[in-house]
Amino acid sequence: MTQVQQSNVAGIECDRPEGQSQNPVQYSGRKAYRAKSEQRRVKILEATLRIAASEGIRGIKHRSVAREAGVPLASTTYYFRDIHELIGDAFTLFAEKAQDNLDQFYHMVNMVLDAAAPESLNRGGPGREALARRLASIVTAYLGEQFSQRREEVLAEQVFLMEALRDPDLGQLARQHRAAWVSGLEELLLRLDVGSPRRDASLLVSVVLGLGYDGLLFRGEPQAQYLGGAVERMLGLVMGVPELLGVAADTEISKK
């Protein structure tokens with residue numbers, strides 16, 4: 001199964017450039033030393049992710065993965081000694097790509113904070129509401145794009161996270177994936193003078209995961225409106241901007 005690098009889930013992270021998360025996982029399947037072999041290995045893992053999104057974990061078999069990837073059946077058993085290892089490395093690839101995506105998002109938000117008036121970064125400072133609304137707009141656009149244009153990736157994540165509840169090795173990977181996500185968000189909240197950045201970062205990640213599930217379950221324009229209101233309310237609570245707390249749509253999501 002995939003081996004996991006050590007990282008402190010409790011809150012202490014290794015030094016790294018601002019806006020760039022520590023890579024929390026590493027592959028355990030057979031290493032590819034030639035570019036062509038590496039391309040084939042990645043092709044197999046990407047096919048595994050597609051099957052996870054369309055059929056769930058139980059649909060991942062050597063034969064179905066080879067057919068989806070367009071490679072000989074022997075290739076899957078050459079790079080991965082069993083299905084367990086294949087699933088673990090597929091989740092590792094997903095986490096790696098998701099982390100790169102998050103790093104780009106965190107970098108963009110840091111650029112916005114760099115350009116903001118210094119006093120707006122302080123809790124209760126002038127310009128705080130305008131900054132919170134701008135950040136809410138950015139976050140809403142980012143999440144909306146994830147839920148609509150990257151639906152397969154969001155679905156694959158939900159599939160792996162559910163399987164992680166039953167599989168201890170996948171559970172460890174899921175915790176490391178979450179820790180890297182929380183760590184980058186915590187750095188942003190520190191800049192925003194949030195009283196409990198670690199706790200609030202973890203809370204926001206949990207909420208976003210729930211929104212991801214809702215985004216898969218419910219579709220359409222009303223859901224997009226709900227998302228924007230929910231994001232504003234979350235940031236209003238975390239950043240201490242009461243003006244944003246009454247913005248969320250009144251209609252319950254269960255009625256969408």
Side-chain angles (χ1 to χ4, degrees), residues 9 11 19 21 98-99 101-116 120-151 153-154 157-158 161 174 177-256:
V9 179
S21 302
Q99 186 172 294
N101 187 282
L102 275 173
D103 285 343
Q104 294 176 26
F105 172 70
Y106 290 153
H107 178 69
M108 177 177 64
V109 174
N110 272 310
M111 290 178 64
V112 172
L113 299 185
D114 289 342
S120 68
L121 299 180
N122 299 324
R123 195 176 186 89
R128 184 77 164 182
E129 180 184 349
L131 176 60
R133 290 189 185 280
R134 185 178 182 191
L135 291 176
S137 177
I138 292 171
V139 173
T140 299
Y142 173 78
L143 293 179
E145 193 268 344
Q146 298 297 305
F147 301 158
S148 61
Q149 304 302 316
R150 297 175 178 267
R151 179 179 172 82
E153 288 93 331
V154 176
E157 179 178 40
Q158 294 285 341
L161 292 180
H177 171 53
R178 179 188 174 90
W181 189 356
V182 169
S183 179
L185 186 54
E186 180 187 13
E187 291 181 0
L188 293 176
L189 295 183
L190 279 170
R191 296 194 65 186
L192 288 168
D193 192 26
V194 172
S196 301
R198 188 62 167 180
R199 181 199 64 190
D200 288 345
S202 182
L203 176 62
L204 288 176
V205 168
S206 295
V207 172
V208 170
L209 285 172
L211 289 174
Y213 178 85
D214 290 343
L216 294 171
L217 191 60
F218 303 96
R219 298 188 184 185
E221 187 61 27
Q223 175 63 19
Q225 295 174 359
Y226 172 85
L227 177 62
V231 169
E232 286 202 346
R233 187 169 180 81
M234 283 192 303
L235 288 181
L237 287 168
V238 171
M239 294 178 62
V241 182
E243 293 82 358
L244 272 65
L245 298 185
V247 178
D250 293 331
T251 305
E252 295 180 2
I253 190 169
S254 60
K255 299 178 182 179
K256 300 301 183 184

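From a predicted model like this one, the values you see are computed outputs, not experimental measurements.
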Indicate the atoms forming the closest heavy-atom contact of [X] with [Y], along with that distance.
| X | Y | value |
| --- | --- | --- |
| Leu190 | Pro197 | CD2-CG, 3.5 Å |
| Gly212 | Val154 | O-CG1, 4.0 Å |
| Asp193 | Leu121 | CB-O, 3.3 Å |

Hey, could you give me the [atom1]/[atom2] distance between [X] and [Y], rounded to the nearest 0.5 Å?
| X | Y | atom1 | atom2 | answer |
| --- | --- | --- | --- | --- |
| Ser196 | Glu186 | OG | CD | 10.5 Å |
| Ile138 | Leu235 | CD1 | CG | 10.0 Å |
| Glu232 | Leu227 | CD | CG | 10.5 Å |
| Asn110 | Arg191 | CG | CZ | 5.0 Å |
| Glu145 | Phe105 | CD | CZ | 11.5 Å |
| Leu185 | Ser183 | CG | OG | 9.5 Å |

**OP:** List the steps, then state whether side chain to side chain contact (heavy atoms under 4.5 Å, CB included) holds for Phe147 with Leu211.
**Re:** CA-CA 9 Å; Phe147 301 158; Leu211 289 174; 4.1 Å; yes

More than 12 heavy atoms of other groups within 6.0 Å of [X] [atom1]:
| X | atom1 | result |
| --- | --- | --- |
| Arg123 | CZ | yes |
| Tyr213 | OH | no |
| Met108 | CE | yes |

**OP:** May I have the step-by-step check of side chain to side chain contact (heavy atoms under 4.5 Å, CB included) for Arg199 and Leu189, ending in yes or no?
**Re:** CA-CA 10 Å; Arg199 181 199 64 190; Leu189 295 183; over 6 Å; no

Main-chain N/O of [Y] paired to [X] side chain as donor or acceptor, under 3.5 Å:
| X | Y | result |
| --- | --- | --- |
| Arg151 | Leu216 | yes |
| Ser202 | Arg198 | no |
| Arg128 | Met239 | yes |

Original post:
Hey, mind stepping through Leu135 and Val109 against side chain to side chain contact (heavy atoms under 4.5 Å, CB included) and telling me if it holds?
Top reply: CA-CA 8 Å; Leu135 291 176; Val109 174; 4.0 Å; yes

Subject >> Step-by-step side chain to side chain contact (heavy atoms under 4.5 Å, CB included) determination, Leu131 to Leu192 >> reply: CA-CA 10 Å; Leu131 176 60; Leu192 288 168; 4.0 Å; yes

Original post:
With a 4.0 Å cut-off, would you call Arg133 and Glu129 a salt bridge?
Top reply: yes

Original post:
Are side-chain heavy atoms of Trp181 and Leu209 found at a separation under 4.5 Å?
Top reply: yes

**OP:** For the residue pair Tyr142 and Asn101, establish whether any side-chain heavy-atom pair is separated by less than 4.5 Å.
**Re:** yes

